[in-house]
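Following: one structure in structure tokens, then a few remarks.
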Amino acid sequence: MLAPGTLNLPSYDFVLMAIGLLVLAGVQWIMTSTRWGLQLRAATEDREMALAVGVDERRLFTQVFALGAGLAGLAGALQMPREPASLAYDLQVVAEAFVVTVVGGMGSVIGAFVAAMMIGVVKAACVALGTVSIAGLELVLPKLTLVIEFLLMAVVLAFRPWGLFGRPVAPPRAARAELNPLPPPTRRGGLLLAAGVAALALLPWLAGDMAYVLVLAVDVLIAGLFAASLYVLMGPGGIHSFGHAAFLGLGAYGGALAAPLVAAVLPGLADSGPGGIAGILLCLAAGMLLALAGAAVFGFVVLRAAGVYAAMLTLAFAQITWSIAFQWDAVTGGSNGLFGFWPQGWLATREGYYWFVLGVACAGGLLLRHLMHASFGLTLRMVRDAPLRAESLGLPVFAVRWTAFMLAGALAGAAGVLTVFAKGSVAPDLLAIPGSVDALVMVLLGGLQSLAGPWLGALAYTVGQDFLARATEYWRAAIGLAMLAVILLAPGGLTAVRRLGSLAAWRRANEGRAPR
């Protein structure tokens, strides 16, 4: 028996503390006192200049990757006596490692150590304090352990967008060739688009008795709309997001929570209830408004940071949103979610709901096609490629990027509402990190060179995942190998080769034309 107030600390914890301090000292010495560390810092800050003075950056960054992988392996081996290995451990550790790195400041080993200590102490304090009362409000601190590191990151980056020990990120020098403005839409492209939509409209008759084809087609269209919303940020906007699933979930919960209100407004009408055409349209508007409001709040903070700091802020807000949905049982149903949302009337058939989803997806795609080739899209790409020049010309840089952020959030919210009525339910898993990862994979798989990229990426990823999951029990490994093959054979995505060819032809056609 331990005496009251006695601290029981296992000897292995002292071993971990000692090893951690030794690793910290070793990495800090390598980064500050060796020629290799000097070359690494030089190549990180200015690759072109480091290459000009003879630094072999490919070999250098291969060695950095090997060192980082070795340290990660050491951390995993040291952790195993404390908890068993699991398949879900990867996403948890990666997210926490990102948070520690970003809060401490990119490039600062000491900053990462301070951030890790701060997060660990705050987590322990939340568990030890339990429930506290603030101004008569009961606050259950142990529940915050699900998201406390992301709350800390959001607070730190709101005041210091470059982390505790980091430095402000310099604006990009110039635009890269692959991100140049896209050629204007052509008549041939419009005809191909119309033919593709017509073929999709005829799919229920072409599929025949294969009802599962329509179910899979609905999943592809919803995934395409979700990926297209992220493309607005990553492509024309140049904004990376690791938490885009937050807007998908906000839209889904907005539509689900609006369904009872719609039922009260439109009582007794099968075709106009919450699952009828009018009801789903009202739920769709409610979900898009909630997602747009969330994007307005998140974007106002996120866009004040830059680079990986902005991307990590999106992850922080997504995790905060997920924790609210997971723990707010009275409104969101907690971990069980909300269920019982099915289309009614003619939408209750597979064909009817497929045509409805196709219509919404086409409307979203055509809206993006128009905006990205209009003055807004051109301004957005200029802000992405030359922010200082755009600001010097008097363009509202922040307002343009904020508008794009809200547009992306609203479209993702529409995909969330469609998901609710396609699956009949909504749960917090819709806002989790894997959803954001899926969107990133679809966008990068299709490519950032064309508006068709996210749709093609969604088709390849959704259909490929479904086929491989039914073909082999090692489907996750098969998906990874397939993605690796695409990255190696087509680094710019599935649309890169065709898009670069058309871009070159457009440039050749316009060579020698003097501006009027």
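Distance check: Leu200 CG to Leu221 CG gives 6.5 Å after rounding to the nearest 0.5 Å. A distance of 9.5 Å separates CZ of Arg401 from CG of Leu233, quoted to the nearest 0.5 Å. Taking CD from Glu96 and CE from Met153, the interatomic distance works out to 11.5 Å, rounded to the nearest 0.5 Å. Atom CD in Gln79 sits 11.5 Å away from atom CG in Leu74 (nearest 0.5 Å). Atoms CG and CG, from Leu411 and Leu248 in turn, are 12.0 Å apart once rounded to the nearest 0.5 Å. Here the CG-CZ distance, from Leu313 to Phe242, works out to 11.5 Å after rounding to the nearest 0.5 Å.
Ring geometry, Phe421 versus Phe341: the interplanar angle exceeds 60°, so the pair is classed perpendicular (tilted spans 30 to 60°). Between Phe300 and Trp402, the ring planes lie tilted relative to each other; the angle falls in the 30° to 60° range.
A donor-acceptor pair under 3.5 Å links the side-chain atoms of Trp355 to the main chain of Ala201, judged by distance alone. In terms of modelled atom types and a separation under 3.5 Å, the side chain of Thr462 and the main chain of Leu459 share no donor-acceptor contact. In this structure, Tyr309 contributes its side chain and Val103 its backbone to no donor-acceptor pair below 3.5 Å. In this structure, the side chain of Ser436 engages the main chain of Ala245 through a donor-acceptor pair within 3.5 Å. Remark: side-chain polar atoms of Tyr231 are not paired, donor with acceptor, to backbone N or O of Leu444 under 3.5 angstrom. Panel note: side chain Thr332, backbone Trp328; a donor-acceptor pair is recorded below 3.5 Å.
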- Task: Mind running side chain to side chain contact (heavy atoms under 4.5 Å, CB included) on Phe298 and Thr321 for me, showing each step along the way?
- Result: CA-CA 11 Å; Phe298 296 173; Thr321 308; 3.3 Å; yes
- Message: Assess the residue pair Val262 and Ile280 against the criterion (side chain to side chain contact (heavy atoms under 4.5 Å, CB included)); give the C-alpha distance rounded to whole Å, side-chain angles, the decisive distance to 0.1 Å, and a yes or no.
- Response: CA-CA 9 Å; Val262 172; Ile280 291 184; over 6 Å; no
- Query: Run the side chain to side chain contact (heavy atoms under 4.5 Å, CB included) check on Tyr253 and Leu338 step by step: do they pass?
  - Reply: CA-CA 8 Å; Tyr253 275 104; Leu338 304 172; 4.2 Å; yes
- Task: Determine, step by step, whether Leu230 and Phe226 satisfy the side chain to side chain contact (heavy atoms under 4.5 Å, CB included) criterion, reporting the C-alpha distance in whole Å, the side-chain angles of both residues, the deciding distance to 0.1 Å, and the verdict.
- Result: CA-CA 7 Å; Leu230 180 58; Phe226 181 39; 6.0 Å; no
- Test side-chain hydrogen bond (donor to acceptor under 3.5 Å, both in side chains) applied to Asp466 and Tyr212, step by step: CA-CA 11 Å; Asp466 178 79; Tyr212 183 67; 2.3 Å; yes
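The two residues Val420 and Val426 make their nearest non-hydrogen contact at CG2-CB, 4.0 Å. The two residues Gly254 and Ala286 come nearest to each other via the heavy atoms O-CB, 4.1 Å. Here the shortest heavy-atom pairing between Ser335 and Asp329 reads N-OD1, 4.5 Å. Across all non-hydrogen atoms, the minimal contact from Ile320 to Ser323 is O-OG, 2.7 Å. Across all their heavy atoms, Gly249 and Leu430 have their closest contact at CA-CD2, 4.3 Å. Taking every heavy atom of both residues into account, Val197 and Cys362 meet most closely at CG1-SG, 3.9 Å.
Remark: Phe326 CZ is loosely packed, at most 12 non-hydrogen atoms of other residues, nucleotides or ligands lying under 6.0 Å away. Within 6.0 Å of atom CZ in Arg350, 12 or fewer heavy atoms from other residues, nucleotides or ligands are found, so the atom counts as exposed in its surroundings. Taking a 6.0 Å sphere around CZ of Phe376, one finds it holds more than 12 heavy atoms contributed by other residues, nucleotides or ligands.
Between the side chains of His244 and Thr314, not a single donor N or O lies within less than 3.5 Å of an accepting N or O.
A heavy-atom distance below 4.5 Å is not found between the side chains of Tyr353 and Leu214. Looking at heavy atoms from C-beta onward, Leu193 lies in side-chain contact with Leu366 at the 4.5 angstrom threshold. A heavy-atom distance below 4.5 Å is found between the side chains of His373 and Leu451. No side-chain heavy atom of Phe317 sits under 4.5 Å from any side-chain heavy atom of Val297. Using a 4.5 Å heavy-atom cutoff, the side chains of Leu440 and Met234 are in contact. Contact of the Val417 side chain with the Met288 side chain is not registered, since no non-hydrogen atoms from C-beta on lie closer than 4.5 Å.
The six-membered or imidazole ring of Phe247 lies near that of Phe405, with a centre-to-centre distance under 6.0 Å.
A cation-pi contact links Arg304 to Phe398, judged by a cut-off of 6.0 Å to the six-membered ring centre and 45° from its axis.
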